[in-house]
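Note: hydrogens, waters and symmetry copies are ignored here, and every other heavy atom, side chains too, is used.
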Amino acid sequence: MHSADDVINLIHLADRPGTSGHSVSVRVLGRSQPGILTGHDLLDCEIVIVAEESLNASFVVTLFPEDLEDWEETLAGLEARRFATWLNSGRTPSMRFKPQESGGLLVSVHDGPSTGITVTLPLFVLPPTWAAEQRDLLTRVRGIYPCEVVETSPGAYEWRRDRHSDGPETAPGQPQAPYSRRSRR
């Protein structure tokens, strides 16, 4: 379990204060399996939707490193005021973003893998700096949770040499043995 102090936002889109009170966030709770090669770089997250006091929804999601790369590309499309989707692999809830002519944004979360529910939330008045704020959040998440595992060949993983976090103990001067999914069968 993660403490509230460990939670940071990857995404936080909200109407300006004093408007609708609507917001959509993707909150990073922590690493999925810290210290385990195959799960260390995965992030446990939740998509949180707030629409005043009438609706609060939360969807659990595990992000892969490539999902962060995809969010960066999605954000570039949104900055250009283009419709965009994110997390549309089918393994997690997906998000759709539809810019409005008024300057607002419709955000939909579809929980296809679990409940089949779709929640669409209008964000009427985003602050002018919203895109830069999202880039800053992405940079912060990447700084706190850097990729520390490298796939050396299909199904074989090892720690990056410039790794920052604590992982499995090895004897001083001894490299971490590569992990192979095939070797565990």
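- Nearest heavy-atom pair across E46 and S58 is OE1-OG, 3.1 Å.
- Smallest separation of non-hydrogen atoms from W130 and L13: CE3-CD2, 3.7 Å.
- P113 is not listed as a side-chain neighbour of R91, based on a closest heavy-atom distance of 4.5 Å or more.
- Under the 4.5 Å side-chain contact rule for hydrophobic residues, L123 and L55 share a cluster.
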Should N88 and T85 be marked as a side-chain hydrogen bond (donor to acceptor under 3.5 Å, both in side chains) after you check the CA-CA gap, both sets of side-chain angles, and the distance that decides it?
CA-CA 7 Å; N88 55 353; T85 60; 3.2 Å; yes
List the steps, then state whether side chain to side chain contact (heavy atoms under 4.5 Å, CB included) holds for R96 with F83.
CA-CA 8 Å; R96 291 183 177 87; F83 173 84; 4.1 Å; yes
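- Between the side chain of D41 and the backbone N or O of V149 there is at least one donor-acceptor pair closer than 3.5 Å.
- Looking at E158 and T152, their side chains never bring a donor and an acceptor atom within 3.5 Å of each other.
- Annotation: side chain of D111 is in contact with side chain of S114 (closest heavy-atom distance under 4.5 Å).
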May I have the step-by-step check of side chain to side chain contact (heavy atoms under 4.5 Å, CB included) for V109 and T118, ending in yes or no?
CA-CA 6 Å; V109 177; T118 299; over 6 Å; no
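- Although no hydrogens or angles enter the test, the distance criterion places no donor-acceptor pair under 3.5 Å between the side chain of E73 and the main chain of G77.
- L10 and I144 fall within the same hydrophobic cluster, where Ile, Leu, Val, Met, Phe, Trp and Tyr residues are linked whenever their side-chain heavy atoms come under 4.5 Å apart, directly or through other members.
- No path of Ile, Leu, Val, Met, Phe, Trp and Tyr side chains, each step under 4.5 Å between heavy atoms, connects V48 with L105, placing them in separate hydrophobic clusters.
- Distance CG/L29 to CG/L63: 10.0 Å, rounded to 0.5 Å.
- A donor-acceptor distance shorter than 3.5 angstrom exists from the side chain of R81 to the backbone of Q100, with no hydrogens or angles considered.
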Might you work through the side chain to side chain contact (heavy atoms under 4.5 Å, CB included) test for I11 and W86, ending with a clear yes or no?
CA-CA 12 Å; I11 299 171; W86 183 55; 3.6 Å; yes
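- Across all their heavy atoms, I49 and F59 have their closest contact at CD1-CE1, 3.9 Å.
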Pair L43, V141 - check side chain to side chain contact (heavy atoms under 4.5 Å, CB included), show working.
CA-CA 10 Å; L43 300 177; V141 167; 4.0 Å; yes
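- Here the side chain of D15 pairs a donor or acceptor atom with the backbone of F124 at under 3.5 angstrom.
- Two rings, from W71 and F97, have their centers less than 6.0 Å apart.
- Note: the hydrophobic cluster containing V119 also contains V61 (ILVMFWY, side chain heavy atoms under 4.5 Å, direct or indirect links).
- Taking every heavy atom of both residues into account, C45 and V26 meet most closely at CB-CG1, 4.2 Å.
- Transitive grouping of hydrophobic side chains (ILVMFWY, heavy atoms separated by less than 4.5 Å) keeps M95 and V50 in distinct clusters.
- Side-chain atoms of E79 and Q134, non-hydrogen and from C-beta on, never get closer than 4.5 Å to each other.
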Output, in order, the C-alpha distance, side-chain angles, deciding distance and verdict of salt bridge (charged side-chain N to carboxylate O under 4.0 Å, His left out) for R142 and E69.
CA-CA 10 Å; R142 285 178 166 161; E69 294 169 17; 5.7 Å; no
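- Looking only at side-chain heavy atoms (C-beta outward), N9 and V28 stay at 4.5 Å or farther from each other.
- When side chains are defined from C-beta on, L137 counts as touching H12, because their heavy atoms get closer than 4.5 Å.
- For the pair P65 and C147, the tightest heavy-atom approach, listed with the atom from each and the gap, is CB-SG, 3.5 Å.
- Contact check for R82 versus P99: no side-chain heavy atoms found under the 4.5 Å cut-off.
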Derivation and outcome, side-chain hydrogen bond (donor to acceptor under 3.5 Å, both in side chains), residues H110 and S94:
CA-CA 5 Å; H110 176 65; S94 61; 5.7 Å; no
Would you check, one step at a time, whether the test salt bridge (charged side-chain N to carboxylate O under 4.0 Å, His left out) holds for D44 with R27?
CA-CA 9 Å; D44 285 339; R27 299 173 48 191; over 6 Å; no
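- Using a 4.5 Å heavy-atom threshold, the side chains of L138 and D136 count as separate.
- With no hydrogens or angles considered, a side-chain donor-acceptor pair links H40 and E148 at under 3.5 Å.
- Side-chain atoms of P93 and I47, non-hydrogen and from C-beta on, do get closer than 4.5 Å to each other.
- The main-chain N or O of S108 is never found under 3.5 Å from a side-chain atom of T120 such that the two would form a donor-acceptor pair.
- The 12-atom threshold is not exceeded at CZ of R140, counting heavy atoms of other residues, nucleotides or ligands nearer than 6.0 Å.
- Atom CG of residue L121 and atom CG of residue L106 lie 8.5 Å apart, to the nearest 0.5 angstrom.
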